[in-house]
Amino acid sequence: DVVAIRLENQVDVICSMLACLKIGSVYVYINSNFPDSFQDYMILDSKAKIVLKELPKFANEQLEYKNFNFHDDELAYIMYTSGTTGVSKGVGVSRCALNNYIEHCVNNYFISASNDVLLHGSLSCDMPITTIFPSLYLGKRIFILNQDFTEYSLKFHKDKFALAKVTPSHIRLMMKFNKMDLLNFT
């Protein structure tokens, strides 16, 4: 079954993503900043059976754990394209593809001894996947920043991170705010 995650708090979103994967559901993250019509489209198009708007409270409840068997070809999550060619399309990513990507990231991106990674931006695109799953797999701490690029730039230079996935636009903004020397950027 598909679960549409429509939560505000990014920590709750990450916990919900992990819970969906653990129980064998497919998640689709729906950014609350998207227009209502697009959010409704994503829910209908993904055939979501559950729309998670708040986390359930399980205080003092006994939950039964089941050991699920998953197949590599089963979907892990659905991500929607930007729709630049017309209509946005849901793209399913299989558990096998996610596992392969996590393995690639673990083997190629985490060369620093730091236990900290930097997560920024919307969880509705594929960029945070590089930060979230490999970091948790390796037991790293994830620092979640808001969209304030001044804060991002200052945090980036003050601390050493094992990973901070950035785009060329982010690098330009960091250079603008901190006059960053690209020769020292690794």
Side-chain angles (χ1 to χ4, degrees), residues 1-7 9-31 33-34 38 42-43 45-48 50 52 67-85 87-147 152 155-156 159-171 174 185-186:
D1 291 345
V2 177
V3 175
I5 301 173
R6 201 177 192 178
L7 301 168
N9 183 299
Q10 288 189 322
V11 173
D12 290 346
V13 172
I14 293 170
C15 290
S16 300
M17 291 163 50
L18 292 170
C20 287
L21 292 172
K22 182 71 176 170
I23 65 170
S25 291
V26 178
Y27 74 83
V28 57
Y29 173 67
I30 299 179
N31 188 326
N33 293 324
F34 290 157
F38 185 54
M42 291 171 69
I43 291 167
D45 185 65
S46 67
K47 298 177 178 57
I50 298 171
L52 191 58
N67 193 8
F68 295 98
N69 293 317
F70 304 114
H71 301 283
D72 285 347
D73 59 343
E74 292 176 350
L75 291 183
Y77 64 94
I78 299 170
M79 181 180 57
Y80 277 78
T81 63
S82 62
T84 54
T85 59
V87 178
S88 184
K89 296 170 192 70
V91 177
V93 177
S94 72
R95 290 177 174 273
C96 181
L98 178 58
N99 288 337
N100 287 341
Y101 188 66
I102 292 169
E103 183 178 349
H104 169 77
C105 292
V106 165
N107 292 330
N108 294 286
Y109 297 156
F110 289 88
I111 57 174
S112 167
S114 171
N115 279 326
D116 302 338
V117 295
L118 194 59
L119 176 64
H120 64 92
S122 173
L123 297 175
S124 59
C125 63
D126 61 348
M127 193 166 86
I129 300 298
T130 305
T131 306
I132 296 169
F133 295 113
S135 302
L136 293 175
Y137 176 81
L138 292 170
K140 305 277 186 191
R141 290 181 297 189
I142 301 174
F143 286 86
I144 301 173
L145 296 181
N146 63 24
Q147 295 290 348
Y152 175 84
K155 179 85 175 150
F156 188 87
D159 300 315
K160 298 291 184 197
F161 291 98
L163 178 72
K165 187 165 182 180
V166 296
T167 65
S169 298
H170 294 125
I171 293 171
M174 288 188 296
F185 184 73
T186 56

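Residues: numbered from 1 along the sequence shown. All values derive from a computational prediction rather than experimental measurement.
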### Message
Could you go through Leu138 and Val106, starting from their C-alpha distance and side-chain angles, then the distance that decides it, and tell me whether this counts as side-chain contact (heavy atoms from CB on, under 4.5 Å)?
### Response
CA-CA 8 Å; Leu138 292 170; Val106 165; 3.9 Å; yes
#### Entry: Minimum heavy-atom distance Ala97-Val93, with the two atoms named
CB-CG1, 4.1 Å
### Message
List the residues meeting side chain to side chain donor-acceptor pair (under 3.5 Å) with Asn100, not counting sequence neighbours, and say none if there are none.
### Response
none
### Message
To check you understand the geometry: which heavy-atom pair defines the closest contact between Ile132 and Met17, and what is its length?
### Response
CD1-CE, 4.0 Å
### Task
Look only at the side chain of Thr81 and the backbone of Lys89, and say whether a donor-acceptor pair between them is shorter than 3.5 Å.
yes
### Query
Can you check whether Phe133 reaches Leu21 side chain to side chain, under 4.5 Å on heavy atoms?
yes
### Task
Taking the side chain as every heavy atom from C-beta outward, state whether Ile129 and Leu98 have any atom pair closer than 4.5 Å.
yes
### Task
Calculate, to the nearest 0.5 Å, the distance between atoms CD1 and OG belonging to Ile142 and Ser135 respectively.
5.0 Å
#### Entry: Residues in side chain to side chain donor-acceptor pair (under 3.5 Å) contact with Arg95, at least two apart in sequence or another chain
none
### Task
Work out which heavy atom in Leu75 is nearest to a heavy atom in Val26; give both atom names and the distance.
O-CG2, 3.4 Å
### Summary
Here the pair of heavy atoms bringing Pro134 nearest to Ile102 is CA-CG2, 4.1 Å
### Task
Go through the steps for Leu7 and Ser16 under the test side-chain contact (heavy atoms from CB on, under 4.5 Å), then give the verdict.
CA-CA 9 Å; Leu7 301 168; Ser16 300; 3.3 Å; yes
### Query
So do the side chains of Ile50 and Asp1 get within less than 4.5 Å of each other, counting heavy atoms only?
no
### Query
Would you find more than 12 non-hydrogen atoms of other residues, nucleotides or ligands less than 6.0 Å from Lys47 atom NZ?
no
#### Entry: Nearest atoms (heavy-atom pairs only) where Ile5 meets Tyr29
O-CD1, 3.5 Å
### Task
Would you please classify the geometry between the Phe38 ring and the Tyr80 ring as parallel, tilted or perpendicular, with 30° and 60° separating the classes?
perpendicular
### Query
Taking atom CD1 of Ile30 and atom OG of Ser46, what is their separation to the nearest 0.5 Å?
6.0 Å
### Derivation and outcome, side-chain contact (heavy atoms from CB on, under 4.5 Å), residues Leu136 and Ile14
CA-CA 10 Å; Leu136 293 175; Ile14 293 170; 4.3 Å; yes
### Ala4 versus Ile43, closest heavy-atom pair with distance
CB-CG1, 4.2 Å
### Message
My understanding is that only residues two or more places apart in sequence, or in another chain, count here; which of them pass salt bridge (charged side-chain N to carboxylate O under 4.0 Å, His left out) with Asp12?
### Response
none
